Amino acid sequence: MHLEAVLRLSAHHCKPAGLTLQYGTAGFRTKAEHLDHVMYRMGLLAVLRSKKTKSVIGVMVTASHNPEEDNGVKLVDPMGEMLVQEWELHATNLANAEEHELQTVLTNIIKQEAISMQVESCVAIGRDTRPSSENLSLAVLDGVIALESKYQDYGLVTTPQLHYVVCCRNTDGRYGEPTVEGYYQKLSQAFKDLVEQSPDCGAEQRCLSIDGANGIGALKVKEMEEHLQPILLLQLFNDGSKGKLNHACGADYVKVQQKPPEGIDMKPGERCCSFDGDADRIVYYYKDCDDRFHLLDGDKIATLISTFIKGLLVKVDLKLNMGVVQTAYANGSSTRYLENIMKVPVYCAKTGVKHLHHKAQEFDIGVYFEANGHGTVLFSKTAEEQIRQLTNMGASEEIRKAAQMLENVINLINQTVGDAISDMLVIEAILFLKNLTVQKWDEMYTDLPNRQLKVTVSDRKVIDTTDAERRTVKPPGLQEKIDELVKSYNLARSFVRPSGTEDVVRVYAEADTQENADALAHAVSLAVYHLAGGVGDLPRPLR
Ligand SMILES: CC(=O)N[C@H]1[C@@H](OP(=O)(O)O)O[C@H](CO)[C@@H](O)[C@@H]1O
Ligand SMILES: [Mg+2]
């Protein structure tokens with residue numbers, strides 16, 4: 001194998017000796033200055049993956065909701081889904097190979113995967129608005145060029161837009177036209193078709209304030225805006241013209257802090273939403289007349305969407321099974337509402353989109369959302385075909401109308417990955433069609449007060465979990481302690497797990513009151529600190 005060009009160009013992207021990183025739930029993610037060699041090597045890996053799958057492979061440079069100084073990279077598989085797990089290991093090995101080992105590690109991957117280097121390859125590259133992203137994406141390109149692959153640089157795109165174009169490229173355009181403009185066309189057409197049948201709502205109901213997290217989502221919403229007028233009137237805040245990316249704004253900030261972002265002008269009752277830094281997550285919120293903040297997170301979104309789809313399925317009378325997939329972070333009230341009131345089966349998957357995505361693929365219609373607002377709806381081939389058939393002549397007018405709506409949802413939702421823009425349009429359409437205000441939507445069920453905390457320990461791997469991360473099996477005594485603490489509160493639940501993206505242990509607690517949720521989260525944090533090797537200051541009480 002002639003890998004001279006690879007090794008020669010690698011000299012421009014030297015790996016700092018001794019640095020090790022892992023391809024985790026969100027790809028590689030760390031301080032931007034440590035990532036140049038990783039980017040180059042992910043360019044190489046994308047080419048190999050493209051040759052292996054004989055498809056276009058995506059590479060997205062982003063660190064999502066993390067601080068502006070961070071960056072990261074993820075590979076996108078042929079149908080627009082996350083990189084398969086077996087290749088995560090190749091990615092980790094390749095990123096961690098010292099310069100003198102690079103050739104061997106590459107050759108091993110080629111051999112192990114039986115890759116024919118003569119096969120054509122193509123890589124699609126995208127990046128977010130971080131100052132470091134441009135140079136890092138050039139490093140990816142260097143890797144792609146070193147292996148003499150074709151590529152297309154899509155430049156500034158949201159993560160879901162890159163997933164979309166990859167899927168389009170590999171389905172000969174059946175999923176849509178593989179351009180950002182094609183994405184706007186497809187979504188805005190589906191949105192317009194869907195809301196066509198809605199009652200004529202007033203201007204107030206058509207207004208939506210968006211916090212763009214000072215990131216790529218803001219840029220792309222601006223581009224898309226003209227396609228959505230006059231149905232939707234968008235007011236954009238944190239559009240990146242002055243504030244810092246994700247700083248005191250964005251979906252993650254709003255969800256974790258349970259308060260509005262800075263930089264947004266909120267009037268009582270007004271519907272607002274926040275994107276994260278790469279626009280694959282969204283949460284909604286409003287403040288009431290008493291200035292109280294109300295958050296409508298991924299759980300409320302999953303409930304709204306699955307209730308809407310279930311209603312349409314009843315109308316079309318199709319025997320398609322639908323399931324909702326959540327994680328341990330889902331609010332207990334949402335799970336109870338879905339199971340007991342909506343009679344929809346609910347499943348709990350491990351944190352990380354790929355786990356939810358895989359579980360959701362088991363249903364004809366799988367709705368999945370992480371509580372933090374990342375999610376989408378997957379329709380099986382059977383479901384799509386059956387729905388499409390009903391839109392043709394033959395069925396009654398009412399059935400045809402409902403089937404048409406389902407088909408519009410299929411076209412509007414980004415089935416490759418959670419997508420803030422697409423999810424926003426689905427939600428807005430449902431609110432129009434059902435004539436629902438954000439308050440009415442919020443009233444579907446009441447969230448249990450909850451709290452999320454982080455604890456720093458010397459090695460977070462000492463914590464091992466089971467039961468979709470809801471219980472710990474290591475270190476000894478921790479689960480017993482959590483069980484004991486939970487017993488002393490009403491409607492309480494708590495769990496801890498090592499984060500897959502940060503060097504921390506995450507603690508979650510919910511209970512009947514905010515005071516109790518806070519107290520429980522603090523007590524569990526102390527237990528983690530004492531039993532799992534806490535470092536630094538003791539976790540402090542919240543009040
Ligand atoms: C509690 C929480 O929000 N966890 C997030 C976070 O994972 P952790 O493994 O908890 O760090 O980042 C993931 C990637 O963006 C996202 O999928 C997940 O939901
Ligand atoms: Mg994100």
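Atoms within a ligand are numbered from 1 in the order they appear, just like the ligands themselves. None of these values were measured; they are calculated from a predicted model.
- Ranking protein heavy atoms by distance to atom 10 (O) of ligand 1, first place goes to Arg506 NE, 2.6 Å.
- At the top of the distance list for atom 5 (C) of ligand 1, counting protein heavy atoms only, stands Asn372 ND2, 3.8 Å.
- Looking only at its N/O/S atoms, Asp280 has OD1 as the one nearest to the Mg ion (ligand 2).
- Considering only non-hydrogen protein atoms, atom 16 (C) of ligand 1 sits nearest to Glu370 OE1, 3.4 Å.
- With values rounded to the nearest 0.5 angstrom, Arg540 atom CZ is found 9.5 Å from His522 atom NE2.
- Within the listing of ligand 1, atoms 1 (C) sit less than 4.0 angstrom from a heavy atom of Tyr329.
- Donor-acceptor pairing under 3.5 Å is lacking for the side chains of Asp419 and Tyr164.
- Using a cutoff of 4.0 Å between basic side-chain nitrogens and carboxylate oxygens, Lys220 and Glu223 are scored as salt-bridged.
- If you check the side chains of Thr179 and Glu181, you find no donor sitting under 3.5 Å from an acceptor.
- Not a single N, O or S atom of Thr159, from either the backbone or the side chain, sits less than 2.8 Å from the Mg ion (ligand 2).
- Of all N/O/S atoms in Asp278, OD1 sits nearest the Mg ion (ligand 2).
- When hydrogens are left out, the protein atom nearest atom 12 (O) of ligand 1 is Thr501 CG2, 3.7 Å; that is the closest non-hydrogen contact.
- Numbered from 1 in the order shown, with element, the atoms of ligand 1 that lie under 4.0 Å from a heavy atom of Arg281 read 15 (O).
- Asp276 contributes OD2 as its N, O or S atom closest to the Mg ion (ligand 2).
- Those atoms of ligand 1 with a heavy atom of Ser499 less than 4.0 angstrom away are 8 (P), 9 (O), 11 (O).
- The shortest heavy-atom distance from Gly352 to ligand 1 is under 4.0 Å.
- Looking at ligand 1, you won't find any N or O of Pro498 less than 3.5 Å from one of its N or O atoms.
- Taking each of Thr351, Leu356, Val256 in turn, the one with a heavy atom nearest to atom 4 (N) of ligand 1 proves to be Thr351.
- For the pair Asp70 and Arg130, the salt-bridge criterion is not met [side-chain N within less than 4.0 Å of a carboxylate O].
- Checked by atom type, the side-chain pair Asp447/Ser333 shows no donor-acceptor distance below 3.5 Å.
- Ion pair Glu510/Arg493 flagged as a salt bridge, since at least one NZ, NE, NH1 or NH2 atom sits closer than 4.0 Å to an Asp/Glu carboxylate oxygen.
- Asn71 and Ser132 share a donor-acceptor pair across their side chains, judged by distance under 3.5 Å alone.
- Remark: Arg281 engages Asp252 in a salt bridge, criterion side-chain N to carboxylate O under 4.0 Å.
- Less than 4.0 angstrom separates some heavy atom of Arg497 from each of these atoms of ligand 1: 8 (P), 9 (O), 10 (O).
- Remark: the backbone N or O of Tyr23 is paired with a side-chain donor or acceptor of Thr92 at under 3.5 angstrom.
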